[in-house]
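For reference, the structure discussed in these notes is given below.
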Amino acid sequence: MRTYDFSPLYRSAVGFDRLANLLESASRATGQDTGYPPYNIETTGENAYRIEIAVAGFTTDELNIEVKENLLTVTGRKTANDDAAPQKTYLHRGLAERDFERRFQLADYVVVTDADLVNGLLSISLKRELPEALKPRRIEIGAGSTLIEGKAEAA
């Protein structure tokens, strides 16, 4: 696995330390990612997104979604139901019903708006909500007035 040195970013960029941390953590995570559970990320509008995670066999009580400091964490903890039922003998066990934790780094002003579990697919809806101060706005350009010998000309 190739490692990258991000220290030049810290030396020459002021205020971009969070970006450098994201790059560093992303480079570390790629080697450890198991791919379970599989997921899709799609855009559903100009400022709307959806994350779909395949969580077959999990109930809503066994899943947890948490957002903290632009980090969306989805965890699944399978409850031990083997004690209540008789021991099963599998000829083939292809359904992975193991605990998991998936993390997604969210951009600034992206919030989770909704989450649904339907047919083993967990759908998490996200939306970018820019504050009014950050939205683009049109600035009117005035015609101004002309000066004649130090006095404003009447229109």
Side-chain angles (χ1 to χ4, degrees), residues 1-140:
M1 184 174 115
R2 176 183 265 176
T3 59
Y4 297 97
D5 181 20
F6 293 104
S7 58
L9 289 175
Y10 293 106
R11 287 192 306 258
S12 61
V14 178
F16 289 95
D17 51 333
R18 185 166 172 260
L19 176 63
N21 287 336
L22 288 175
L23 289 171
E24 196 170 321
S25 65
S27 68
R28 273 187 273 126
T30 54
Q32 301 170 358
D33 193 8
T34 63
Y36 177 77
Y39 65 92
N40 293 331
I41 301 175
E42 66 176 305
T43 179
T44 58
E46 184 178 341
N47 289 313
Y49 309 91
R50 181 180 14 239
I51 299 173
E52 295 177 326
I53 306 173
V55 291
F58 285 84
T59 65
T60 56
D61 295 334
E62 297 168 331
L63 296 169
N64 185 42
I65 301 171
E66 182 179 289
V67 178
K68 182 179 180 185
E69 297 176 3
N70 292 0
L71 183 67
L72 169 65
T73 305
V74 180
T75 55
R77 302 283 176 244
K78 200 67 182 148
T79 56
N81 54 8
D82 292 330
D83 299 335
Q87 191 66 19
K88 296 179 182 178
T89 304
Y90 292 98
L91 296 177
H92 171 75
R93 189 164 187 179
L95 295 178
E97 294 181 342
R98 61 182 184 265
D99 294 350
F100 70 88
E101 182 174 289
R102 270 279 181 206
R103 295 174 184 229
F104 301 93
Q105 188 69 44
L106 302 179
D108 290 336
Y109 311 112
V110 173
V111 295
V112 176
T113 58
D114 192 17
D116 291 312
L117 178 63
V118 178
N119 296 331
L121 198 62
L122 177 64
S123 295
I124 303 169
S125 299
L126 305 129
K127 184 176 183 181
R128 181 178 308 145
E129 295 179 348
L130 287 176
E132 285 297 320
L134 296 178
K135 290 182 181 176
R137 60 178 202 244
R138 182 176 165 85
I139 308 299
E140 294 296 325

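For this chain, numbers begin at 1 and follow the sequence in order. Owing to the predicted nature of the structure, the values given are computational and were not obtained by experimental measurement.
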Measuring from E101:CD to N64:CG, what's the distance to the nearest 0.5 Å? 9.5 Å

Looking only at heavy atoms, the pair that brings A54 and P37 closest together is O-CB, 3.1 Å

For I53 and I51, which heavy atoms make the closest approach, and how far apart are they? CG1-CG2, 3.9 Å

Donor-acceptor contact present, side-chain D99 to main-chain K78, <3.5 Å: yes

Could I get the full list of ring pair (Phe, Tyr, Trp, His ring centres under 6.0 Å) partners for F58, not counting sequence neighbours? F100

T73 and R103 have their tightest heavy-atom pair at OG1-CG, 4.0 Å

Minimum heavy-atom distance A115-I65, with the two atoms named: CB-CD1, 3.6 Å

Please check this pair: side chain of T113 against backbone of S125, looking for a donor-acceptor N/O pair closer than 3.5 Å. yes

Could you give the distance from CG (D108) to CZ (R128), rounded to the nearest 0.5 Å? 9.5 Å

Quick check with a 6.0 Å cut-off and a 45 degree axis cone: is R98 positioned over the face of Y36's six-membered ring? yes

Could you walk me through whether E69 and Q105 pass the side chain to side chain contact (heavy atoms under 4.5 Å, CB included) check? CA-CA 9 Å; E69 297 176 3; Q105 188 69 44; over 6 Å; no

Applied to residues 42-58, the salt bridge (Lys or Arg N to Asp or Glu O under 4.0 Å) test, sequence neighbours excluded, yields E42-R50, R50-E52

Separation of I41 CD1 from L126 CG (nearest 0.5 Å): 9.0 Å

Rounded to the nearest 0.5 Å, the OH atom of Y39 sits from the CD1 atom of I124 at a distance of 12.0 Å

